[in-house]
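Start at 1 and go down the list; that is how both ligands and their atoms are numbered.
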Amino acid sequence: MELGLKGKVAIVAAASKGLGRACAEEFAREGAEVAICARSAANLAKAADSIRKATGREVFAQELDVTRHEAVRDFVAAVEKRFGRVDICVTNAGGPPSKKFVDISIDEWRAAVDLTLMSAVYFAREVLPRMKKNRWGRLLAITSVSVKQPIDNLVLSNSIRAGVTGLMRTLANEFGGDGITVNCICPGYTLTERLDELVGLQAKNAGVEREKILERLSAQVPAGRVGRPEEFAALVTFLASERASYINGCSIPVDGGWTKSLL
Ligand code: NAP
């Protein structure tokens, strides 16, 4: 299927690893101009190099922390300067810590709101006026299946991602008449460093091998396995395409059937 992404300019936030990186590579494979960011310059350079080698496309990479509004503002301006426009933006950040409610301090709540919610606000504020001017845009937020079905020991994710979902659903209403669609993509268990970290933590707490925890997670999924980042990226690139022009205001899981709700 021709997605019509050739020459489109796509920002993918927090994209030196995992889901963000997989999305950036898939956009590059589809012929888009890609801009990525993350905090570690070394990992970012490694990701940009390997995407360039795999796809032959240019990748603009800038080291930044998505919790810093000025840094996000300057990054989006730099992308526009480099490629002339911004068509697509995928918001993303690292996952908030996995803890029980009683173990989370007020400072940790504030930090998680900055990381998960405010970072999406910062990108949306910068990219939407530019997309509106062009009468075309795709704003996509990486959230989690926790917005459909809360996950044990992830109260920060369960609570704050609901805020991101409310934000994005509202923006879909406000900007739907401007040729812009706004959607959330909800990953289920997908093999990235984040999942590896959570599996390691659970294995330590339960006193069992990591493989045992992975087996238990896989058993919760009708597909019988955890996902691959490229399976997630396939939906993201489709939603960013012209083909998806009438899909707006949705939260779509990519979870092998893990979410048990009807809708
Ligand atoms: P990951 O493998 O840990 O990768 C996270 C990426 O985000 C890295 O490139 C990291 O680079 C970057 N990052 C983290 N904090 C950042 C910050 N403050 N500013 C800029 N970049 C930042 O994670 P992932 O599995 O791809 O997950 C992505 C998101 O999806 C997370 O929010 C996660 O909770 C959520 N999610 C994942 C799964 C899953 O199974 N993988 C399931 C549900 C939800 P630096 O550290 O260098 O900044």
Side-chain angles (χ1 to χ4, degrees), residues 11-26 35-48 50-51 59 61-72 74-75 90-99 111-120 122-123 140-165 184-202 213-214 217-218 220-221 223 225-233 235-236 251-256 258-259:
I11 291 175
V12 186
S16 64
K17 295 185 211 158
L19 302 176
R21 192 203 167 290
C23 294
E25 180 159 339
E26 197 63 22
I36 60 175
C37 63
R39 291 165 306 176
S40 153
N43 289 341
L44 197 58
K46 223 163 85 184
S50 78
I51 295 172
V59 179
Q62 193 160 306
E63 175 191 343
L64 67 89
D65 186 331
V66 295
T67 64
R68 290 192 46 236
H69 172 231
E70 299 77 13
V72 172
D74 295 349
F75 173 55
V90 180
T91 71
N92 184 30
S98 163
K99 285 186 173 188
V113 169
D114 281 346
L115 181 68
T116 304
L117 176 61
M118 293 314 295
S119 65
Y122 300 152
F123 274 100
L140 297 158
I142 297 182
T143 58
S144 167
V145 285
S146 67
V147 305
K148 304 267 181 188
Q149 189 177 309
I151 302 172
D152 290 349
N153 300 321
L154 280 178
V155 66
L156 292 169
S157 174
N158 297 341
S159 311
I160 302 164
R161 290 191 202 282
V164 178
T165 308
C184 297
I185 311 96
C186 316
Y189 297 121
T190 314
L191 256 190
T192 65
E193 288 192 24
R194 160 78 171 170
L195 185 66
D196 209 40
E197 207 179 280
L198 292 175
V199 166
L201 198 67
Q202 282 188 33
I213 300 293
L214 261 181
L217 294 183
S218 301
Q220 297 172 24
V221 186
R225 61 174 176 85
V226 298
R228 295 186 293 271
E230 59 272 23
E231 292 176 309
F232 179 83
L235 178 65
V236 172
S251 277
I252 307 178
V254 181
D255 66 354
W258 180 86
T259 310

S.K.: Can you tell me which residue and heavy atom of the protein come closest to atom 14 (C) of ligand 1, and the distance to 0.1 Å?
M.R.: G94 N, 3.3 Å
S.K.: Please confirm whether Y189 comes within less than 3.5 Å of ligand 1 when only nitrogen or oxygen atoms on both sides are compared.
M.R.: no
S.K.: Any side-chain heavy atom of S50 within less than 4.5 Å of one from R21?
M.R.: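 Touching, per the 4.5 Å side-chain cut-off.
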S.K.: Provide, to 0.1 Å, the distance between atom 23 (O) of ligand 1 and the closest protein heavy atom, together with that atom's residue and name.
M.R.: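 Of the protein heavy atoms, R194 CB, 3.2 Å lies nearest.
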S.K.: Give me the residue, atom name and distance of the protein heavy atom closest to atom 40 (O) of ligand 1.
M.R.: T190 N, 2.8 Å
S.K.: Working note: V221 + V226, criterion side chain to side chain contact (heavy atoms under 4.5 Å, CB included); need CA distance, chi angles, decisive distance, verdict.
M.R.: CA-CA 7 Å; V221 186; V226 298; 5.5 Å; no
S.K.: Passes side chain to side chain donor-acceptor pair (under 3.5 Å), S157 versus S146? Steps please.
M.R.: CA-CA 7 Å; S157 174; S146 67; 3.1 Å; yes
S.K.: Can you check whether S98 reaches Q202 side chain to side chain, under 4.5 Å on heavy atoms?
M.R.: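 In short, these two side chains do not touch, never coming nearer than 4.5 Å.
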S.K.: Any atoms of ligand 1 less than 4.0 Å from a non-hydrogen atom of D65? List them with their elements.
M.R.: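 With D65 as reference, the close atoms of ligand 1 come out as 17 (C), 18 (N), 19 (N).
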S.K.: V145 versus ligand 1: do any nitrogen or oxygen atoms come within less than 3.5 Å of each other?
M.R.: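 There is no such contact.
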S.K.: If we set the cut-off at 4.0 Å for heavy atoms, which region of L198 has an atom near ligand 1: side chain, backbone, both, or neither?
M.R.: neither
S.K.: Going by the atom numbers of ligand 1, which of them fall below 4.0 Å from some non-hydrogen atom of A93?
M.R.: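 Heavy-atom distances to A93 below 4.0 Å select 28 (C), 29 (C), 31 (C), 32 (O).
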S.K.: Starting from atom 35 (C) of ligand 1, locate the nearest protein heavy atom and write down its residue, its atom name and how far away it is, to 0.1 Å.
M.R.: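 Nearest neighbour among protein heavy atoms for atom 35 (C) of ligand 1, to 0.1 Å: R161 NH2, 3.7 Å.
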S.K.: Tell me which protein heavy atom sits closest to atom 12 (C) of ligand 1, plus the residue, atom name and distance to 0.1 Å.
M.R.: A14 CB, 3.6 Å
S.K.: Which pair of heavy atoms, one from A47 and one from A15, lies closest together, and at what distance?
M.R.: CB-O, 4.2 Å
S.K.: For atom 27 (O) of ligand 1, state which one of D196, T143, V12, L19 supplies the nearest heavy atom.
M.R.: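 It is L19 whose heavy atom sits nearest to atom 27 (O) of ligand 1.
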S.K.: Taking both backbone and side-chain atoms of N43, is any N or O found less than 3.5 Å from an N or O belonging to ligand 1?
M.R.: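 For ligand 1, there is no N or O atom that lies under 3.5 Å from one belonging to N43.
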S.K.: Would you mind checking which non-hydrogen protein atom is closest to atom 36 (N) of ligand 1, with the distance to 0.1 Å?
M.R.: P187 CG, 3.8 Å
S.K.: Step by step, work out the side chain to side chain contact (heavy atoms under 4.5 Å, CB included) result for V113 and M118.
M.R.: CA-CA 6 Å; V113 169; M118 293 314 295; 4.3 Å; yes
S.K.: Is V66 close to Y122 at the side-chain level, that is, under 4.5 Å between some pair of heavy atoms?
M.R.: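 Answer no - side chains too far apart.
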S.K.: Without swapping roles, check the side chain of R194 against the backbone of G18 for a donor-acceptor pair under 3.5 Å.
M.R.: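 No, the answer is negative, given that no donor and acceptor are paired below the 3.5 Å cut-off.
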S.K.: Which atoms of ligand 1 are found less than 4.0 Å from any heavy atom of L115?
M.R.: 18 (N)
S.K.: I need the atoms of ligand 1 closer than 4.0 Å to a non-hydrogen atom of T192, numbered in the order shown.
M.R.: 2 (O), 24 (P), 25 (O), 41 (N)
S.K.: Out of K17, R39, E193, R21, who is nearest to atom 4 (O) of ligand 1 when you count heavy atoms only?
M.R.: K17
S.K.: Looking at ligand 1, does L64 have a heavy atom less than 4.0 Å from it?
M.R.: yes
S.K.: Under 4.0 Å from a heavy atom of S144: which atoms of ligand 1 are those, numbered in the order shown and with their elements?
M.R.: 43 (C), 44 (C)
S.K.: Using the side chain to side chain contact (heavy atoms under 4.5 Å, CB included) definition, which of the options L156, I160, L154 pairs with N158?
M.R.: L154
S.K.: Please report the closest heavy-atom contact between L44 and E63, naming both atoms and the distance.
M.R.: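 That would be CD2-N, 3.5 Å.
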S.K.: Is T190 reaching over with its side chain to a backbone N or O of G227, donor-acceptor style, under 3.5 angstrom?
M.R.: no
S.K.: Check whether any side-chain heavy atom of L195 sits under 4.5 Å from a side-chain heavy atom of L217, and report yes or no.
M.R.: yes
S.K.: Nearest heavy atom to atom 38 (C) of ligand 1: which of S146, G227, G188 does it belong to?
M.R.: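 Answer by nearest heavy atom: G188.
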S.K.: Which ligand 1 atoms are under 4.0 Å away from a heavy-atom of A38?
M.R.: 11 (O), 20 (C), 21 (N), 47 (O), 48 (O)
S.K.: What protein heavy atom is closest to atom 9 (O) of ligand 1, reported as residue, atom name and distance in Å?
M.R.: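 In this structure, atom 9 (O) of ligand 1 has S16 OG, 2.6 Å as its nearest protein heavy atom.
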S.K.: Which residue holds the protein heavy atom closest to atom 29 (C) of ligand 1, what is that atom called, and what is the gap in Å?
M.R.: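 Here the closest protein heavy atom is N92 OD1, 3.2 Å.
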